[in-house]
**Student:** 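The structure that follows is given in the form of structure tokens.
Index from 1, following the sequence.
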Amino acid sequence: MKSLFVLSLCLTLSACGPGPAPNKIAEPQREALEKAKQVEGIVLKQAAEQASAAENN
């Protein structure tokens with residue numbers, strides 16, 4: 001009898017659907033980090049161009 005109760009409880013709990021989607025708490029921080037990485041790439045490229053121009057002069 002006890003095992004029937006445990007089995008029915010497990011089946012009931014496994015039939016529950018997935019919970020709501022998690023909140024996107026860190027989304028603004030991720031976007032800012034991605035933008036900063038893009039800016040860093042531009043800055044490094046410009047620095048390399050300036051160094052190359054300085055060597056050629």
Side-chain angles (χ1 to χ4, degrees):
M1 190 63 145
K2 184 177 180 181
S3 62
L4 181 61
F5 174 73
V6 172
L7 180 63
S8 64
L9 180 64
C10 289
L11 288 174
T12 303
L13 292 176
S14 66
C16 295
N23 293 336
K24 295 186 178 185
I25 297 171
E27 190 64 30
Q29 288 85 0
R30 284 191 203 121
E31 291 173 359
L33 180 61
E34 189 63 34
K35 188 174 182 180
K37 286 180 181 179
Q38 291 173 355
V39 170
E40 180 186 26
I42 293 169
V43 169
L44 290 175
K45 182 180 176 184
Q46 289 176 350
E49 289 174 359
Q50 287 179 354
S52 176
E55 288 177 4
N56 292 337
N57 289 334

**Student:** Please list all pairs passing the salt bridge (Lys or Arg N to Asp or Glu O under 4.0 Å) test where one or both residues lie in residues 21-37, with sequence neighbours left out.
**Tutor:** Glu27-Arg30
**Student:** Donor-acceptor pair, Ser8 side chain versus Leu4 backbone, under 3.5 Å?
**Tutor:** yes
**Student:** Measuring from atom CD of Glu49 to atom CG of Leu44, what distance do you get when rounded to the nearest 0.5 angstrom?
**Tutor:** 11.5 Å
**Student:** Taking ILVMFWY side chains as joined if any heavy atoms are under 4.5 angstrom apart, and letting links pass through other members, which residues group with Ile25?
**Tutor:** none
